[in-house]
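Worksheet for the structure shown next.
Numbers restart at 1 for each chain; the letters A, B, ... are given by sequence-line order, proteins then strands.
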Amino acid sequence: MQNKELSFKEKVIDVVKSIPRGKVLNYGSVAAISGSPRASRQVGSILTGISGENREVPWWRVVNKAGYLSIRGKLYDAKELQMKLLIDEGVEVSKDYYIDMRKYKMNVNFS
DNA sequence: TTTCCGGCTGATT
DNA sequence: GAATCAGCCGGAA
């Protein structure tokens, strides 16, 4: 462990854990807060590693900008779980896996 | 170090 | 909001 600071992966996890219940955040914002506004894809890749194994991180509150549950590949089955969890928190999710993030997206403030 | 891949984003349409 | 194209970025092999 040579990095004095948290790795990008750790930062992303920390940000996702800070997302309040009933709110959602897009990958771009999480990536930006983590230090790389263009590394949105990495965020998704990292979330893949915590989903199914780590329940302390509300990865289901992270969606893409279009409000779509962008889960693909391995987590394809988790897509239904994500929708269920979001609805349980009060977030409206369409049967087509789309979220009204215009109302549920968390306000990110750049200090 | 180079190469590849991936839960994306922005600009257009 | 939805579909298509091209560009970015970090981690693993």
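Between A:K11 atom NZ and C:dG11 atom P there is a gap of 10 Å when expressed in whole angstrom units. Atoms CD1 (A:I33) and P (B:dT9) sit 13 Å apart, rounded to a whole Å. In this structure, A:E10 atom CD and C:dG11 atom P are separated by 11 Å, rounded to whole Å. Atom P of nucleotide C:dG11 and atom CD1 of A:I13 are separated by 12 Å, given to the nearest angstrom. Rounded to whole angstrom, the span from the OH atom of A:Y68 across to the P atom of C:dA3 amounts to 9 Å. Atom CG of A:L25 is separated from atom P of B:dT9 by 10 Å (rounded to the nearest Å). B:dG7 atom P lies 18 Å from atom CD1 of A:I19, rounded to whole Å. As rounded to whole Å, 12 Å separates atom C1' of B:dC8 from atom CD1 of A:I46.
The side chain of A:R38 places no N or O atom within less than 4.0 Å of a non-bridging phosphate oxygen (OP1 or OP2) of C:dG10. Side-chain N/O atoms of A:S36 include one lying less than 4.0 angstrom from OP1 or OP2 on C:dG10. Applying the 4.0 Å criterion to OP1 and OP2 of C:dG7, one finds that A:R41 has every side-chain N and O outside that range. Remark: A:S7 is in phosphate contact with C:dG11, judged by side-chain N or O atoms under 4.0 Å from OP1 or OP2. When the side-chain nitrogen and oxygen atoms of A:Y98 are compared with OP1 and OP2 of C:dA3, one or more of them lie within a distance under 4.0 Å.
Within 6.0 Å of the NZ atom in A:K9, the count of heavy atoms belonging to other residues, nucleotides or ligands does not exceed 12.
Nearest to the side chain of A:S40, among B:dG7, B:dC8, C:dG1, sits B:dC8. Here C:dG10 is the nucleotide among C:dG10, C:dG1, B:dG7 with the atom lying nearest to any side-chain atom of A:F8. Checking B:dG7, C:dG10, C:dG1 against every side-chain atom of A:Y27, the shortest atom distance belongs to B:dG7. Distance from the side chain of A:N26 is smallest to B:dT9 among C:dG11, B:dT9, C:dG1.
Residue A:V62 is in base contact, counting any heavy-atom pair closer than 4.0 Å across all strands shown.
Looking at A:E92 and A:Y104, their side chains do bring a donor and an acceptor atom within 3.5 Å of each other.
Proximity of a side-chain donor or acceptor of A:E89 to a complementary backbone N or O of A:R21 within less than 3.5 Å is not detected. A side-chain donor-acceptor contact under 3.5 Å links A:N64 to the backbone of A:A66.
Shown here, B:dC5 forms a base pair with C:dG10; the pair counts as Watson-Crick or G-U wobble because both key distances fall under 3.5 Å.
Here the straight-line distance linking atom OG of A:S18 with atom CD1 of A:I13 works out to 12.0 Å at 0.5 Å rounding.
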